[in-house]
Amino acid sequence: MDSLAGQQLVKMDGSSHAADEVMADKELILFYFSAHWCPPCKQFTPMLKDFYDEISDEGVEVVFVSSDRSSADMLSYMKESHGDWLATEHNSSVANSLKQKYDISGIPTLVVCKKDGTVITKDGRRVVMSQPPAQAVKTWKS
């Protein structure tokens, strides 16, 4: 959450939300680095959506950090494939700083963090693809 303090996040309907408010009760933040033009992303995103639908009441939030070419492409991708999670604004300073902070060199990447910003894993994608959602969340929280 440290990276999102004071920031605004967006939903697929275009609405804007204060990160401090929407993240207040979250224990885990999953930063999802992806783009609609990326074939592996298009394959993984529906899996992440199903995963999120099962664990969204468990104090977990996904924050999408787009590598799409435009804001319109990002919103289209969110409406087409994403869960009801949040996103950084397209090509914003917070999006770019998150990419640098977590040394993102390829997508899709799912970075799992504690609320205080401590990185649990940069390989959340593998966990989502290989473990039941409840088990993954339990492991990440312990």
Side-chain angles (χ1 to χ4, degrees), residues 1-131 133-141:
M1 183 47 208
D2 63 327
S3 300
L4 299 175
Q7 300 297 320
Q8 291 291 312
L9 298 172
V10 295
K11 286 260 190 173
M12 68 177 79
D13 64 4
S15 61
S16 186
H17 303 269
D20 299 316
E21 291 176 23
V22 293
M23 297 295 185
D25 62 344
K26 305 301 180 188
E27 295 176 60
L28 298 173
I29 301 171
L30 284 57
F31 291 103
Y32 182 42
F33 299 87
S34 177
H36 86 283
W37 51 261
C38 161
C41 299
K42 288 186 100 154
Q43 183 180 20
F44 177 68
T45 301
M47 291 181 215
L48 182 59
K49 179 188 183 304
D50 291 344
F51 180 92
Y52 179 79
D53 288 347
E54 281 194 46
I55 54 85
S56 61
D57 294 336
E58 302 295 322
V60 179
E61 188 58 66
V62 172
V63 176
F64 172 49
V65 184
S66 175
S67 290
D68 286 303
R69 293 183 178 98
S70 70
S71 182
D73 286 349
M74 178 184 115
L75 287 173
S76 173
Y77 180 38
M78 290 175 72
K79 289 175 186 173
E80 169 190 307
S81 305
H82 287 212
D84 189 29
W85 56 64
L86 298 153
T88 60
E89 292 183 22
H90 182 263
N91 204 25
S92 63
S93 59
V94 71
N96 294 325
S97 68
L98 287 167
K99 289 174 187 176
Q100 279 190 318
K101 178 178 183 172
Y102 297 117
D103 194 29
I104 303 303
S105 59
I107 55 175
T109 299
L110 186 67
V111 178
V112 180
C113 298
K114 292 182 181 177
K115 185 176 185 170
D116 67 4
T118 304
V119 175
I120 296 169
T121 182
K122 287 182 161 187
D123 196 14
R125 178 180 171 213
R126 181 190 53 78
V127 175
V128 167
M129 292 172 58
S130 65
Q131 292 184 16
Q135 180 184 343
V137 171
K138 184 178 179 182
T139 300
W140 290 333
K141 285 182 177 181

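Residues take their numbers from the sequence shown, with the count starting at 1.
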Evaluate the side-chain proximity of Val10 to His17: yes if any heavy-atom separation is below 4.5 Å, no if none is.
-> no

State the CG-CG distance between Asp13 and Leu75, to the nearest 0.5 angstrom.
-> 9.0 Å

For Lys49 against Ser81, the heavy-atom pair lying closest together | CD-O, 3.7 Å

Taking C-beta and beyond as the side chain, do Phe33 and Tyr102 meet within less than 4.5 Å on heavy atoms?
-> yes

Closest contact, heavy atoms only, Ile55 versus Ala134 | CG2-N, 4.2 Å

Output yes when a side-chain donor or acceptor of Thr118 lies under 3.5 Å from a complementary backbone atom of Lys115, and no otherwise.
-> no

Begin with the C-alpha distance, continue with both residues' side-chain angles, and end with the deciding distance and a verdict on side-chain contact (heavy atoms from CB on, under 4.5 Å) for Val119 and Lys122.
-> CA-CA 7 Å; Val119 175; Lys122 287 182 161 187; 4.2 Å; yes

Enter the distance from Met129:CE to Arg125:CZ here, rounded to the nearest 0.5 Å.
-> 5.5 Å

State whether the number of non-hydrogen atoms from other residues, nucleotides or ligands found under 6.0 Å of Glu80 atom CD is greater than 12.
-> yes

Ignoring hydrogens and geometry, is there a side-chain-to-backbone donor-acceptor pair from Lys26 to Glu58 under 3.5 Å?
-> no

Mind telling me whether His36 and Tyr77 have parallel, tilted or perpendicular rings, with 30° and 60° as the class edges?
-> tilted

Within 6.0 Å of NZ in Lys138, more than 12 heavy atoms from elsewhere = no

What distance do Leu98 atom CG and Gln7 atom CD have between them, rounded to the nearest 0.5 Å?
-> 8.5 Å

Output for pair (Ile120 CD1, Leu28 CG), nearest 0.5 Å, gives 5.0 Å

Intermediate values then yes/no, side-chain contact (heavy atoms from CB on, under 4.5 Å), Trp140 and Val60 = CA-CA 10 Å; Trp140 290 333; Val60 179; 5.6 Å; no

For Ile104 and Ile107, the nearest pair of non-hydrogen atoms, with its separation, is CG2-CG2, 4.4 Å

Run the numbers on Asp123 and Thr121 for side chain to side chain donor-acceptor pair (under 3.5 Å), then give the verdict.
-> CA-CA 5 Å; Asp123 196 14; Thr121 182; 5.6 Å; no

Residues Glu27, Lys114: salt bridge by 4.0 Å N-O rule | no

Sidechain-backbone polar pair: Lys11 side chain, Asp84 backbone, donor-acceptor under 3.5 Å = yes

With a 6.0 Å cut-off on ring centres, are Phe44 and Tyr32 close enough?
-> yes

Report yes or no: do His90 and Ser92 form a side-chain donor-acceptor pair below 3.5 Å?
-> no

Candidate pair Ser3 and Lys101, rule side chain to side chain donor-acceptor pair (under 3.5 Å), full reasoning = CA-CA 9 Å; Ser3 300; Lys101 178 178 183 172; 2.7 Å; yes

State, to 0.1 Å, how close Ser66 and Lys99 come at their nearest heavy-atom pair, and which atoms those are.
-> O-NZ, 3.0 Å

Atom of Leu9, atom of Ala19 and distance for their closest heavy-atom approach = CD1-CB, 3.8 Å

Short side-chain to backbone donor-acceptor contact, Ser76 and Ala72, under 3.5 Å = no

What's the verdict on side-chain contact (heavy atoms from CB on, under 4.5 Å) for Thr88 and Phe31, showing C-alpha distance, side-chain angles and the deciding distance?
-> CA-CA 10 Å; Thr88 60; Phe31 291 103; 5.9 Å; no

Which atom of Asp68 lies closest to which atom of Met74, heavy atoms considered = OD2-CA, 3.3 Å

Kindly indicate whether the side chain of Phe51, heavy atoms from C-beta on, has any atom under 4.5 Å from the side chain of Leu30.
-> yes

Check: Tyr52 ring centre within less than 6.0 Å of Trp85 ring centre | yes

Nearest 0.5 Å, what's the SG-CD distance between Cys41 and Gln43?
-> 10.0 Å

Decide side-chain contact (heavy atoms from CB on, under 4.5 Å) for Leu110 and Leu48; before the verdict, give the C-alpha distance in whole Å, the side-chain angles of both, and the deciding distance to 0.1 Å.
-> CA-CA 9 Å; Leu110 186 67; Leu48 182 59; 4.0 Å; yes

CE of Met78 to CG of Asp73, rounded to nearest 0.5 Å, is 13.0 Å

Is the shortest heavy-atom distance from the side chain of Thr45 to the side chain of His82 under 4.5 Å?
-> yes

